[in-house]
Amino acid sequence: MAITIEELKTQTAEDENLVQRLQTEKKVLLNKVRQEGFELGIRSSAKLSYKDFRHFERVESLATALDEDVLDYLFSYLDQKDCPEQARHLDADFAYLLEVDPASRITFAQGWMDGVLSVWQTIKTQVDTPQ
């Protein structure tokens with residue numbers, strides 16, 4: 001019985017290490033997903049209007065309440081803005097992750113919005129300053 005208890009303790013420690021490693025991998029992957037979204041936000045900003053930038057600035061606080069359907073809306077929106085398909089090209093691993101993981105879709109869209117707003121913050125004073 002003592003051997004069984006030691007084996008269980010060892011197994012529990014291995015399981016905890018596995019969980020910790022997988023949590024770390026997930027965090028790293030989600031950071032990469034957010035970065036991909038951020039970069040797409042920067043690339044697609046050239047197609048946005050003044051009204052679009054002001055809208056995203058107003059709704060920025062709502063980005064935490066996005067749902068898993070947000071990516072469909074985002075890509076439809078980019079289609080309406082004539083954002084070229086090649087500007088949205090994603091690595092195959094990311095594309096697959098976005099298909100199967102709702103949290104990744106939300107993280108990607110939040111990253112996109114952050115990218116758009118970073119461009120806006122850079123140019124906002126120039127745009128709002130009368131010439």
Enquirer: Atom CD of residue position Glu25 - does it have more than 12 heavy atoms of other residues, nucleotides or ligands inside 6.0 Å?
Expert: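 Check passes, neighbour count above 12.
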Enquirer: Do the side chains of Met113 and Val59 get nearer than 4.5 Å, heavy atoms only?
Expert: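 With C-beta onward as the side chain, the pair touches.
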Enquirer: Is the shortest side-chain heavy-atom distance between Val116 and Ile42 below 4.5 Å?
Expert: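 A side-chain contact is absent here, since even the closest heavy-atom pair is not under 4.5 Å.
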Enquirer: Quick check against the 3.5 Å criterion: does Asn31 have a side-chain atom that pairs as donor or acceptor with the backbone of Val28?
Expert: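 Checking the backbone N and O of Val28 against the side chain of Asn31, no donor-acceptor pair under 3.5 Å is found.
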Enquirer: Between the side chains of Arg54 and Asp128, is the shortest nitrogen-to-carboxylate-oxygen separation below 4.0 Å, so that they form an ion pair?
Expert: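 Looking at Arg54 together with Asp128, the answer is yes, because their closest N to O distance falls below 4.0 Å.
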Enquirer: Taking Lys26 as the fixed residue, which of Leu30, Leu29, Leu22 is the one that meets the side chain to side chain contact (heavy atoms under 4.5 Å, CB included) rule?
Expert: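 One option only clears the test, and that one is Leu30.
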Enquirer: Do the side chains of Lys51 and His55 get nearer than 4.5 Å, heavy atoms only?
Expert: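 No, every pair of side-chain atoms sits at 4.5 Å or beyond.
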Enquirer: Should Phe108 and Glu36 count as side-chain neighbours, where that means a heavy-atom distance under 4.5 Å?
Expert: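 Phe108 reaches Glu36 side chain to side chain.
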Enquirer: Within the side chain of Thr107, is there an N or O that forms a donor-acceptor pair under 3.5 Å with the backbone of Ser104?
Expert: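 Between the backbone of Ser104 and the side chain of Thr107 there is no qualifying donor-acceptor contact (under 3.5 Å).
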Enquirer: So Trp120 and Ser45, side chain to side chain donor-acceptor pair (under 3.5 Å) or not? Walk me through it.
Expert: CA-CA 8 Å; Trp120 177 240; Ser45 290; over 6 Å; no
Enquirer: Would you say the side chain of Leu117 lies within less than 4.5 Å of the side chain of Trp112, judging by non-hydrogen atoms?
Expert: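 The answer is no; the side chains never approach within 4.5 Å.
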Enquirer: Report yes or no: does Arg105 contribute a side-chain atom to a donor-acceptor pair with the main-chain N or O of Glu68 at less than 3.5 Å?
Expert: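 Such a contact is found between Arg105 side chain and Glu68 backbone.
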Enquirer: State, to 0.1 Å, how close Ile106 and Asp67 come at their nearest heavy-atom pair, and which atoms those are.
Expert: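 In terms of heavy atoms, the two residues are closest at CG1-O, 3.5 Å.
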Enquirer: Nearest 0.5 Å please: distance from the CG atom of Asp69 over to the CG atom of Leu74.
Expert: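 With rounding to 0.5 Å, CG (Asp69) is 12.5 Å from CG (Leu74).
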Enquirer: Let's go through Tyr77 and Asp52 carefully: what are the C-alpha distance in whole Å and the side-chain angles of both, what is the deciding distance for side chain to side chain donor-acceptor pair (under 3.5 Å) to 0.1 Å, and is it a yes or a no?
Expert: CA-CA 11 Å; Tyr77 176 76; Asp52 294 328; 3.1 Å; yes
